[in-house]
Amino acid sequence: MTNPEIAELLRKVAAAYLVLGENRFRIIAYERAADSIEHLTSEVKDYWDDHKLEDIPGVGGGIASNLDELFRFGKSKHWETVFASVPQAIFPLLRVPGLGPKKAFTLVTTLKLNDAKTVIADLEKAAKAGKIAPMEGFGEKSQSVILEAIAIYKRGAIKENRMPLPYADEVAREVILHIQKGGSVERVDVLGSLRRQVSTIGDIDIAVSTRKPEAVLKQFLTFPHQKVIDHGPRGATLLLSNGRQADLRVQTPEAYGAMLQYFTGSKNHNIALRSLALEQGMSLNEYGIKSVKSGKMKQYSSEEGLYKAIGLPYIPPELREDKGEIAAAQKHTLPALVEPRDIRGDLHVHSSYDLHSSHDVGKNSIHELFTKAADLGYEYIGFSDHNPRANQSEGAITDIMKRRQAAYVRQYASWKHKDKKNVHMFVMCEVDILPDGTLALPDTAMEHVDGVIISIHSAFTQPKNQVTERLIKALHAHPKVRILGHPTGRLLGSREGVDADWETVFDVIKKRDIVLEINAFPERLDLPDILVYDAVQSGLRLIIDTDAHASEHMDLMRYGVSVARRGWATKRDIVNALGYTDFKSWLIRE
DNA sequence: GCCGTTTTCGGCCCGACTGTTTTCAGTCG
């Protein structure tokens, strides 16, 4: 069962409870748990495997024991009973925007919509026949709103899949450029999960500080869109042509800090923050801080000022997940997070040099990639082409690797001569970890590389113990194994990563002084941030690479840095934040 | 149902918007 499925199940429980008139705090608890699970980057099942379900924020004894039952037997008896107490047809209706549990229940019971499979079409028919308007609590307007919502739903514009972070960033950039064209913008920021740099993003939320909110909003509304979903004095929401929503909020500079904080979230961070403020007699909202006693409101132009008022130092957005950052802030032990400018080199770059690999080669020449590395201000670059096809003789592969090494050395010399610049080179190789844990590069060929990245490119669905043994065997395969590339092998939105016992794997990695890669490629962002956090806490070091297959991919390094930051990593935890000499002495062992 | 540098009981974040309403309920973020 995947996280989105579990989150949906918990929301179903909450919805059923609402219809049944349950205690509202119990309902809120379920919604919070669903929310929290939706934003996890590692699988709930992994928490279950480790007997750590209650480590998930919002999951306590009750929900945990039902989840346990769910993983053991495929369903929870208690929840099944809850579902059975309400008409099944209400659940599909919850996907229609504007319909919540109460309205869905009223519609289903009044109109006798009993078939969960056809309920949306049945509702549409009833609306068209004018049967909704006369119902108590509904009217002509809500009838037409429901029809419109169903139409949007049927067009498939309802966000189900989230976008990988770099794509959301691109969309946000376009919207921001468009807004800025209209002028009157004093400052603009992204909000929400985008600002917290979560690996996948739902909607694009943007904040603007301005003296002329109407002008900014008017300009925003001219951005190409399918539909205006919302439009008020403080903001507007558009449904973009790609099926995503873009949300704009405007505020005056004096109160901008409070708004920025409020809409950056996460929801759980804000809830914890508001509770903390309340203990000090302060009520926190999107406009500032209200004194509970006097009712007086104080505005904040910056987030720093707002956090200071609650007695906290500034908390970077990437940490705002209610995972201990508030306690750390109180104790002044927040980590000094790694920054993009700390990165001194990229060790996972594919050039167009063709060694007849079973995987794809890069687009750009060795010269072009050196130049790109120099432009980025790097001290070193590592070329990590895929290994040659493994179905050849050991001698043939070794020969290919020898010739390749010579070619890189030659190209490097001529580039240095021509460009009069210096970027140090490492001749690396990305080597497949075969299903049995052996490497796709023979020992004799290892002489012709400075080090290797080992990665899984096949058999992603092996059972947990098999994957774990496979990884451990591969990590022990050769002293030149220095990096575990895109460790889980996940592809955002299309492939689950491998299911390994990471604690055990991490132990081996630490003993052998190997590093885990944070792969910055948009669909990967792998290692996932929560595992980065675990790794950092266990004292492991990591490397951030782009896995570039073209020189422009090397610009994506900052997304890997984002993942590292969300995992609480500092500069000290990242080996490619080391200068050339130190890095070389780590990579190449005597 | 969750949660705890005063608590294992007794609290639980805050507001906007909309439509149907004469003061509010439902939905959303």
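Computed from a predicted structure; not experimentally measured. So that the names make sense, note that chain A is the first sequence line, chain B the second, and so on, each numbered from 1.
In this structure, I28(A) reaches neither bases nor backbone, as no heavy-atom distance under 4.0 Å exists between it and the strands shown. L273(A) comes within 4.0 angstrom of no nucleic acid atom, judged by non-hydrogen atoms across all strands. Within 4.0 Å of H269(A), counting heavy atoms only, lies no atom of the nucleic acid at all. Heavy atoms of G232(A) sit nowhere under 4.0 angstrom from any nucleic acid atom. Residue contacts shown for R32(A) are absent, as no nucleic acid heavy atom lies under 4.0 Å away.
Within the 4.0 Å cut-off from OP1 or OP2 of dG26(B), not a single side-chain nitrogen or oxygen of K103(A) is found. Contact annotation: S283(A) side-chain N/O to dC14(B) OP1/OP2 distance is under 4.0 Å. At the phosphate of dC17(B), OP1 or OP2 sits under 4.0 Å from a side-chain N or O atom of R234(A). Close to dC12(B), at under 4.0 Å from its OP1 or OP2, lies no side-chain N or O of S275(A). Distances shown here put a side-chain N or O of Y287(A) below 4.0 Å from the OP1 or OP2 atom of dA16(B). In this model, the phosphate group of dG1(B) is approached by a side-chain N or O of H78(A) to a distance below 4.0 Å at OP1 or OP2.
Atom CG in N270(A) sits about 13 Å away from atom P in dG15(B), given to the nearest Å. Atom CZ in R24(A) sits roughly 17 Å away from atom P in dC2(B) (whole-Å rounding). Rounded to whole Å, atom C1' of dG1(B) lies 11 Å from atom CZ of F25(A). Here dG15(B) presents its P atom at 7 Å from CE of M297(A), a figure rounded to the nearest Å. Atoms CG (D322(A)) and C1' (dC3(B)) sit 11 Å apart, rounded to a whole Å. Put simply, NZ on K290(A) is 8 Å from P on dC14(B), counting in whole angstrom units.
Nearest heavy atom pair, residue S199(A) against residue L492(A), reads O-CD1, 3.7 Å. The two residues T264(A) and R196(A) make their nearest non-hydrogen contact at O-NH1, 2.8 Å.
In terms of position along DNA chain B, the nucleotide closest to E54(A) lies nearer the 5' end than the nucleotide closest to the other residue of the pair G139(A) and E54(A). Place A104(A) and W79(A) on DNA chain B by their nearest nucleotides, and W79(A) ends up nearer the 5' end.
Between the side chains of R234(A) and Y287(A), at least one donor-acceptor pair of N or O atoms lies under 3.5 Å. Side-chain contact check for H178(A) and T222(A): at least one donor-acceptor pair (N or O, by modelled atom type) lies under 3.5 Å.
With C1' as the reference atom, dC17(B) and dG11(B) are 29 Å apart, rounded to whole Å. Nucleotides dT23(B) and dC28(B) place their P atoms 26 Å apart, quoted to the nearest Å. Comparing dT5(B) with dG1(B), their P atoms are spaced 23 Å from each other, to the whole Å. Atom P of dC14(B) sits at a distance of 23 Å from the matching atom of dT7(B), rounded to the whole Å. Taking atom P on both nucleotides, dT21(B) is separated from dG26(B) by 13 Å, rounded to a whole Å.
Checked by distance alone, Y17(A) brings no side-chain donor or acceptor within 3.5 Å of a matching partner on the base of dG1(B).
The shortest side-chain heavy-atom distance between Q219(A) and V216(A) does not fall under the 4.5 Å cut-off.
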